[in-house]
Amino acid sequence: MATKSIDVELLAKMFLAGAQNIEAKKEYINELNVFPVPDGDTGTNMSMTIMAAAKEVTALEGMDMASLAKAISSGSLRGARGNSGVILSQLLRGFTKSIKTESEIDVPALARAAVRAKETAYKAVMKPKEGTILTVAKGVAEKAQTLAEETDDLEEFLPKLIEEAETVLAKTPDMLPVLKEAGVVDSGGQGLLEVLRGAYDAFLGKEIDYSALAPTSQAVNATKVETEGTVDIKFGYCTEFIILLDKEFTEKDEIEFKAYLESIGDSIVCVADEDVVKIHVHTNDPGLAIQKALTYGQLSRMKIDNMREEHQEKLIKDAEKLAAAQKEKEKAKEPRKKVGFIAVSIGEGLNEIFKELGVDYIIEGGQTMNPSTEDMLTAIDHVNADYIYILPNNKNIVMAANQARDLTEDKDIIVIPTKTVPQGITAVLNYNAEEDVDTNEETMLEAIKCVKTGQVTYAVRDTHIDDKEIHEGDIMGIGDAGILAVGKSVDGTTKDMLAQLVNDDSELISLYYGEEVSEEEAEKLTAEIEELYPDMDVDAHMGGQPIYYYVLAVE
C-alpha cells in the first residue's frame with residue numbers, strides 16, 4: 001500500500017533519527033577531511049549543529065508543523081559551527097520555511113522543500129564550490145523535482161532521493177581535484193547523506209535508539225527521549241565551593257576566572273570578599289572548575305549535586321537569578337562605548353596579546369573547535385558597544401560570524417574576514433580610533449592582505465596532497481594556499497616554509513610558539529632565523545596554542 005504523506009510526529013522522528021545517524025558517524029566523516037592535519041572536524045561540526053536542533057525538538061510539547069519547523073530552524077541556526085555546520089543549518093532553515101504551513105507533507109511539498117533548502121544554502125555561501133555538500137543538496141533537489149512529476153508514493157520517492165545523493169557524492173572527487181588526490185569523497189556531502197539515511201530509516205519504522213541523543217561532550221547538549229517529567233538541564237552538576245585564598249585575587253583574576261567558568265558551564269556566581277571567593281557554577285565536569293580554583297588557594301564547603309537526578313528546580317532558579325543579576329550589575333558598571341572588538345583565539349599567550357591590544361572579548365576556539373553562532377551571539381551580548389568588529393581568525397569560522405551579525409539587531413556588527421590569528425593581530429594594530437567605522441574597516445581589510453601566514457603542525461595519517469608525499473608523524477608547514485613544506489623536524493620545516501614566504505619586500509617575521517615548544521627552543525629557532533634574514537626584524541611570542549608548534553606571520 002502506497003504512503004502518500006508524512007505527519008508532524010513522523011517528521012519529528014525522521015529528523016531525530018537523521019541527527020542520531022550523523023552523531024554516530026561523525027568520526028568517520030571527520031576522517032574524510034582532505035587535509036591530513038588534526039582539523040578533521042566536519043562530522044563534529046555538523047553533528048553539533050544538528051544536535052542543537054535535536055535538543056529543541058525533544059523539548060517541544062503539543063507539537064505542530066510550525067513549532068517543529070521553528071525548533072529545527074532556530075536550534076540549528078544558533079548551534080551552527082564551522083562552514084559545514086552553517087551550510088547544514090541553512091539547508092534546514094530553507095526546508096523548514098517551506099513546510100511550516102503544511103499540516104502534512106506529501107511528495108510535491110517535499111520536492112518544494114528540497115528546492116528551497118538548496119536555494120537557501122547556496123545563497124548563504126558567497127562563493128559556492130561544486131563538489132561539496134552544496135552539490136549533493138542540489139542533486140537531491142533536482143531529483144525531487146523530477147520524481148514529483150512521476151509519483152506521489154513516498155515509498156518510491158524517498159529511496160530514489162537517497163540513491164541520487166549517493167550518486168552525486170561519488171562524483172565529488174571528479175569535481176574537486178583535492179578530493180581525488182586524497183582519495184576521498186566530500187566530507188560535508190557524506191554528512192548530509194547520513195542525515196538523509198537516518199531519516200529514511202525512521203520513515204521505514206526501524207527501531208531508533210534515541211539515547212544516542214544524550215550529550216557526548218560538553219559542547220553537545222541534546223536531551224534523551226524518556227518518560228514525562230525528565231528535566232531538560234544543559235549542565236548537569238550544580239557545583240559550589242569557597243576558595244580560601246593564599247594569594248591576592250585581583251579584578252583581572254576575577255574576570256579571567258569567570259571567563260573560564262563560562263567556557264565550561266553556566267549560572268555562574270563568582271563573589272570575592274577579602275580572603276575568600278564564593279563560586280557557583282552549573283557544569284558537566286566539576287573537576288575542571290575545581291582544578292582551576294586550586295590554583296588560587298584551598299577549597300572549603302564543597303558541594304556537588306546531580307541536578308538531573310534530584311530535580312532541584314528551586315536551587316537552579318535561584319542560582320540563575322543570582323547569576324543574571326550579577327551580569328546585569330556588571331553591565332551597568334560599564335558605560336556604552338562606540339566601538340568594541342571580539343576575537344577568536346587559540347592559546348593563552350595569544351589571548352593575552354589580543355587583550356593587550358584592546359580586544360574586549362576573546363572566544364576560545366579555532367581549528368579543532370569552531371565556535372558556534374550562539375557563541376558569537378553571547379560574545380556580542382557581552383560587549384557594550386554601538387559598533388563591534390569581529391575577527392574570526394579562521395576561514396572555517398567566518399560564516400558563523402556572518403550569521404551572528406545577521407541575527408543581531410541592536411548593534412552594528414562588522415566582520416573582518418581574518419583567516420589566521422596573525423591577520424587578526426594585524427587588523428587590530430591597524431585600527432585608528434580617530435577614524436570612522438567604515439574607514440577603519442577598509443584599512444583593516446587592506447592590512448590583512450599584506451600578511452602572509454604559516455602554521456607548523458604534524459600529519460595524522462599518510463596521504464598525497466599538493467604534489468607532496470606525506471606520512472603519519474611528518475612535520476608540515478601550511479601556508480595560506482596549502483602545504484608549503486614537509487619534513488621530519490619542526491625547526492627545519494619552519495625554515496623551509498619561511499623561505500617560500502619571505503620576499504624582497506618583507507620586513508618583519510613574527511613567531512608565536514605553541515604549548516609543546518619551550519621558550520628555549522623558540523629562542524634557539526629565532527636566533528637561527530635572524531642569521532638567515534639579517535635585514536629583517538624577527539619577533540618571538542608565547543602563543544600557547546595547541547596542535548601547532550608555530551604560527552608565524554611575514555609582513
With no hydrogens and no angle check, just 3.5 Å: does a side-chain donor-acceptor pair link [X] and [Y]?
X      : Y      : value
Thr494 : Asp491 : no
Asn30  : Thr44  : yes
Asn430 : Glu446 : no
Thr42  : Ser187 : yes
Thr250 : Asp253 : yes
Ser263 : Glu364 : no

Taking C-beta and beyond as the side chain, do [X] and [Y] meet within less than 4.5 Å on heavy atoms?
X      : Y      : result
Thr283 : Leu288 : no
Ile264 : Asp285 : no
Pro392 : Val415 : yes
Val551 : Tyr513 : no
Ile470 : His464 : no
Cys450 : Glu555 : no
Tyr389 : Met444 : yes
Arg81  : Thr373 : no

If we check side-chain contact (heavy atoms from CB on, under 4.5 Å) with Ile416, which of these qualifies: Val398, Leu391, Asn440, Val428?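 Of all the options given, the one that passes is Leu391.
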Determine the sole option in Val502, Asp539, Leu501 for which the side-chain contact (heavy atoms from CB on, under 4.5 Å) test with Ile509 is passed.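 Testing each of Val502, Asp539, Leu501 against Ile509, the sole residue satisfying side-chain contact (heavy atoms from CB on, under 4.5 Å) is Val502.
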Val456 and Ile478: side chain to side chain contact (heavy atoms under 4.5 Å, CB included), yes or no, with the steps? CA-CA 6 Å; Val456 182; Ile478 306 173; over 6 Å; no
Least distance between heavy atoms, [X] atom then [Y] atom:
X      : Y      : answer
Met376 : Ala400 : CG-O, 4.2 Å
Val383 : Phe341 : CG2-O, 4.4 Å
Ser76  : Ala53  : N-CB, 3.5 Å
Gly477 : Thr493 : N-CG2, 3.5 Å
Gly424 : Phe354 : C-CE2, 3.8 Å
Lys118 : Lys138 : CG-CA, 3.6 Å

Any sub-3.5 Å donor-acceptor pair from [X]'s side-chain atoms to [Y]'s backbone N or O?
X      : Y      : answer
Thr526 : Ala522 : yes
Ser47  : Lys26  : no
Thr418 : Thr420 : no
Ser74  : Ala71  : no
Asn402 : Met399 : no
Lys468 : Ile483 : yes
Thr439 : Glu435 : no
Gln500 : Leu484 : yes
Thr96  : Arg93  : yes
Ser84  : Gly188 : no

Residues Tyr296, Phe249; criterion ring-ring contact (aromatic ring centres under 6.0 Å, His included); working and verdict: CA-CA 8 Å; Tyr296 297 105; Phe249 191 75; 5.2 Å; yes
To the closest 0.5 Å, what do you measure between [atom1] ([X]) and [atom2] ([Y])?
X      : Y      : atom1 : atom2 : result
Asn45  : Asn370 : CG    : CG    : 4.5 Å
Tyr361 : Asn384 : OH    : CG    : 14.5 Å
Leu377 : Leu77  : CG    : CG    : 8.0 Å
Met536 : Ser506 : CE    : OG    : 4.5 Å
Asp480 : Lys419 : CG    : NZ    : 8.5 Å
Thr408 : Ile388 : OG1   : CD1   : 7.5 Å

Strictly below 4.0 Å, N to O, side chains only: are Lys258 and Glu262 in salt-bridge contact?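 Looking at Glu262 together with Lys258, the answer is no, because their closest N to O distance does not fall below 4.0 Å.
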After noting the C-alpha distance and the side-chain angles of Tyr549 and Ile475, does the key distance pass the side chain to side chain contact (heavy atoms under 4.5 Å, CB included) rule? CA-CA 10 Å; Tyr549 301 108; Ile475 306 300; 3.8 Å; yes
Side chain to side chain donor-acceptor pair (under 3.5 Å) between Thr120 and Gln90: does it pass, once the steps are laid out? CA-CA 6 Å; Thr120 303; Gln90 293 301 311; 6.0 Å; no
[X] atom [atom1]: more than 12 heavy-atom contacts under 6.0 Å:
X      : atom1 : value
Lys495 : NZ    : yes
Glu521 : CD    : yes
Glu251 : CD    : no
Lys355 : NZ    : yes
Glu348 : CD    : no

I would like to know whether Ile529 and Leu511 meet side chain to side chain contact (heavy atoms under 4.5 Å, CB included); could you show each step before the answer? CA-CA 10 Å; Ile529 293 173; Leu511 284 87; 3.8 Å; yes
Under the salt bridge (Lys or Arg N to Asp or Glu O under 4.0 Å) criterion, do Asp360 and Lys337 qualify, and how do the steps go? CA-CA 11 Å; Asp360 300 275; Lys337 57 183 182 178; 2.3 Å; yes
When you look at Asp186 and Leu179, which way does the side chain to side chain contact (heavy atoms under 4.5 Å, CB included) test go after all the steps? CA-CA 7 Å; Asp186 177 66; Leu179 296 177; 4.0 Å; yes
Test salt bridge (Lys or Arg N to Asp or Glu O under 4.0 Å) applied to Arg116 and Glu119, step by step: CA-CA 5 Å; Arg116 183 73 175 270; Glu119 291 174 347; 5.5 Å; no
Going by side-chain hydrogen bond (donor to acceptor under 3.5 Å, both in side chains), Asp386 matches just one of Arg336, Lys338, Lys411. Which one?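 Going through Arg336, Lys338, Lys411 one by one, the side-chain hydrogen bond (donor to acceptor under 3.5 Å, both in side chains) with Asp386 is satisfied by Arg336 alone.
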